[in-house]
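These numbers were taken from a predicted model, which means no experiment stands behind them. Counting from 1, the numbers follow the sequence of the chain as shown.
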Amino acid sequence: MKRFLVLALTLFFFNAQAQFSDPQAKIYDPVKWSCSSEKINDKEFNLVITAKIEKGWHLYSQFIEEGGPIPTSFKFKQSADYKLIGKVSESPKAVTAFDKNFDMQIAWHKDQVVFKQGISLKNPLESISGVIEFMVCNDERCLPPTEIEFLIPLATPSASTTITESQTKDSMSSAPVVDSTEAALSPSPNSTSKSSKSDGSLWAIFLAGFIGGLAAFFMPCIYPMIPMTVSFFTKQSGSRAKGIRSAIIYGVSIIIIYVALGLLITLIFGASALNEAASSATFNLLFFVALIIFGISFLGAFEITLPSSLVNKMDEKSNQSGFMGLFFMAFTLALVSFSCTGPIIGTLLVDAVSKGSYLGPAIGMLGFSSALAIPFTLFAIFPSWLKEMPKSGGWLNTVKVSLGFLEIALAFKFLSNVDLAYHWGIFNRDIFLIIWIVVFGMWALYLLGKLRLSHDAEINFLSLPRLFFAMFILGFTIYMIPGLWGAPLKGISAWLPPQTTQDFDLYSNATSPAIKTETQGKKYAGLFHAPHGLDAFYDYEEGLAYAKTVNKPVLIDFTGWSCTNCRKMEASVWPDKEVLRRLQEDYVLISLYVDDKTELSENEKYQSAFSGKKVNSIGQKWSDFQASKFGTNSQPYYVIADHEGNTLIAPQAFNLDINNYRKFLESGKIAFDKKK
């Protein structure tokens, strides 16, 4: 087998690493405020407050009935030196529509809105101050209502200043007012770059797509077509320059076709569905079934093909001259090769959708199509390279079958997500590991020639690349075996069910110190279990009450069953002796699962004042709590608070730096002790 087979395993481990590398939780700041004054005469001014709104977000109008989202409102500091003339106007006119989330007619602004308030001076003044309260949403989330202070100078005919951010309604405090000609909001101390998380995720999706495209290039349906396609460009075009131009158009057409497919997926699912996919039982079950079908197809049970009439029709159109002919030639390649590329495309789209990124499917297809188009274009420009290409043979089928084993293994991750969220108790850590050990073990035997499928050619000897790749897969299989007895397997812990689901765990019993369980009978204790024998609470109010009795700060752990980064933190950071000691001795741990599907009792169900949505499950309750109180919906998210729930230091998110987590816990304890 040729050296390019390594791309298959690279795709797997890159995909795993991409899941591990999410930056810290994101604090959204989609509205930039600025203010100025317009002098009408010596006594009268217009106070002008402008909101610039990021694309995709909307700011609610002042004119919304009670029971809906928080309307934008202005409170001007009372003074005997001036009086208001009329009410605050807003321009342009707000967009109005019926919102099913709030079940009412609402009005909002997008892009930019200008608010104006007329005033009449009784005595000379240099400035007017006040407070704005507002709320913003997009298709995926709403942010908590926010109050910010403003100071508008009146000294010049057209003066401007900065509006600085105050605290949200949950913990209002006075904020300093700073004069400036630039308008900006000051983010909270624990915020990170607004675009870092989305940018990192999209780059990961692009690179995963690119690797998938390279793997697809070495499939039996595509690789043998290279010489024929290159021959067309070099011989039929008439000149080298025209052949190069045609090859570039052909490559660009491939990219356009696949990116259009990604955009179509986005339009079909919608932004909200993409955002909720990671914890949706329906999505995860569909992903599991799709990947199993793709994997079985690659193993040779059947081929996923498109109707021949469609392929023939595109082939006929490819005979046209000019750009359209080349475009339909690329379209024909996409259709003819679908039996090989379809499962890879499906896997990439499943991964992109499960990450909840709105642009994920399109970005994934951009990476995939770029990797597919670049080799065709380069070989057409440099046809002499064809002599260096490995000849087609049985190794192409080996690549295809290897991807089949890989997709079957990945499928069970999605099934495990559903099993955990609904507490089926079927795919615990032991069962999951057994399935992976069998799948990867069979893959190793296949590469060693000990297992043959019906469509495989006979192997007379093992090439060195095939041998080394088989050794690598076999080594990975052996690495997983100790996990059946509870070994943490830190390298793949993010992909596995939590250690607490392990039926037979010699490792934890032998290494975790005994912990005094003073809190038996805790709420939800039958549903959740903390790792490393930690004695955690799973209800926020109950945890705060207990912390007060023992006079300890609380560590609020926002986590989830399908949160791979949560498992990685629990397996890589929490076992550290110093970290574990502090978790045991210095804190009351409150773990809140934001994706658990257990239904709340009827008297606990409510309609969220934050999002307007009905809260029916444990996961919805804690997700709503996290978003409304802390302004983020990413996990893991760690908050150190006092007995009243007040944040003591800046919260933290995913970070595998053990020293950083030690300092985080130490700083939280110091802040709590100082507050006593």
Side-chain angles (χ1 to χ4, degrees), residues 5-21 201 204-205 207-216 219 277-281 283-299 301 304 340-356 360-361 364 367-368 399-420 426-427 429 431-444 446 469 472-473 476-477 479-480 483 489 491-497 561-565 567-568:
L5 183 58
V6 75
L7 291 171
L9 194 64
T10 303
L11 175 62
F12 167 69
F13 281 106
F14 177 83
N15 193 29
Q17 182 60 33
Q19 300 251 4
F20 299 162
S21 59
S201 177
I205 292 173
L207 291 175
F210 192 85
I211 294 172
L214 291 178
M219 297 290 281
S279 59
S280 166
F283 272 106
N284 278 277
L285 285 174
L286 288 175
F287 294 163
F288 167 72
V289 173
L291 291 183
I292 288 293
I293 292 174
F294 295 156
I296 294 175
S297 171
F298 272 169
L299 292 180
I304 302 174
C340 289
T341 61
I344 298 177
I345 293 171
T347 303
L348 292 171
L349 290 175
V350 163
D351 180 65
V353 171
S354 69
K355 285 182 170 64
F368 178 87
V399 174
K400 184 177 179 180
V401 172
S402 294
L403 288 177
F405 281 114
L406 184 58
E407 293 197 342
I408 290 174
L410 295 177
F412 284 94
K413 171 59 180 171
F414 294 102
L415 185 59
S416 172
N417 289 344
V418 183
D419 176 76
L420 290 168
I426 300 173
F427 289 95
R429 192 172 184 268
I431 300 299
F432 189 93
L433 278 170
I434 288 172
I435 292 172
W436 269 32
I437 289 169
V438 170
V439 171
F440 282 94
M442 297 292 281
W443 186 3
Y446 173 80
F469 199 76
F472 190 78
I473 297 295
F476 178 68
T477 305
Y479 166 78
M480 290 189 288
L489 304 182
I492 59 172
S493 59
W495 283 80
L496 302 178
W561 292 116
S562 58
C563 173
T564 55
N565 285 341
R567 304 292 85 76
K568 189 66 177 174

What distance separates [X] [atom1] from [Y] [atom2], expressed to the nearest 0.5 Å?
X: Trp561; Y: Ser416; atom1: CH2; atom2: OG; value: 10.0 Å
X: Leu299; Y: Glu407; atom1: CG; atom2: CD; value: 9.5 Å
X: Tyr446; Y: Ile473; atom1: OH; atom2: CD1; value: 13.0 Å
X: Leu410; Y: Ile292; atom1: CG; atom2: CD1; value: 10.0 Å
X: Phe472; Y: Thr477; atom1: CZ; atom2: OG1; value: 10.5 Å

Point to revise | is_close_aromatic(Phe440, Trp443), centroid dist under 6.0 Å | key: yes

Exercise for review: Determine, step by step, whether Phe427 and Ile435 satisfy the side chain to side chain contact (heavy atoms under 4.5 Å, CB included) criterion, reporting the C-alpha distance in whole Å, the side-chain angles of both residues, the deciding distance to 0.1 Å, and the verdict.
Suggested key: CA-CA 10 Å; Phe427 289 95; Ile435 292 172; 3.5 Å; yes

Practice item. Describe, in one word, how the ring planes of Phe476 and Tyr479 are oriented to each other, choosing from parallel (under 30°), tilted (30 to 60°) and perpendicular (over 60°). Key: parallel

Practice item. Take Met442 and Ile408, measure what side chain to side chain contact (heavy atoms under 4.5 Å, CB included) needs, and give me the verdict at the end. Key: CA-CA 12 Å; Met442 297 292 281; Ile408 290 174; over 6 Å; no

Practice item. Of all the heavy-atom pairs spanning Gly483 and Leu489, show the shortest one and how long it is. Key: CA-CD1, 3.7 Å

Exercise for review: Answer yes or no: is there a side-chain heavy-atom contact under 4.5 Å between Ile431 and Ile426?
Suggested key: no

Exercise for review: Taking ring pair (Phe, Tyr, Trp, His ring centres under 6.0 Å) as the test, write out the residues that go with Phe288, two or more places apart.
Suggested key: Phe412

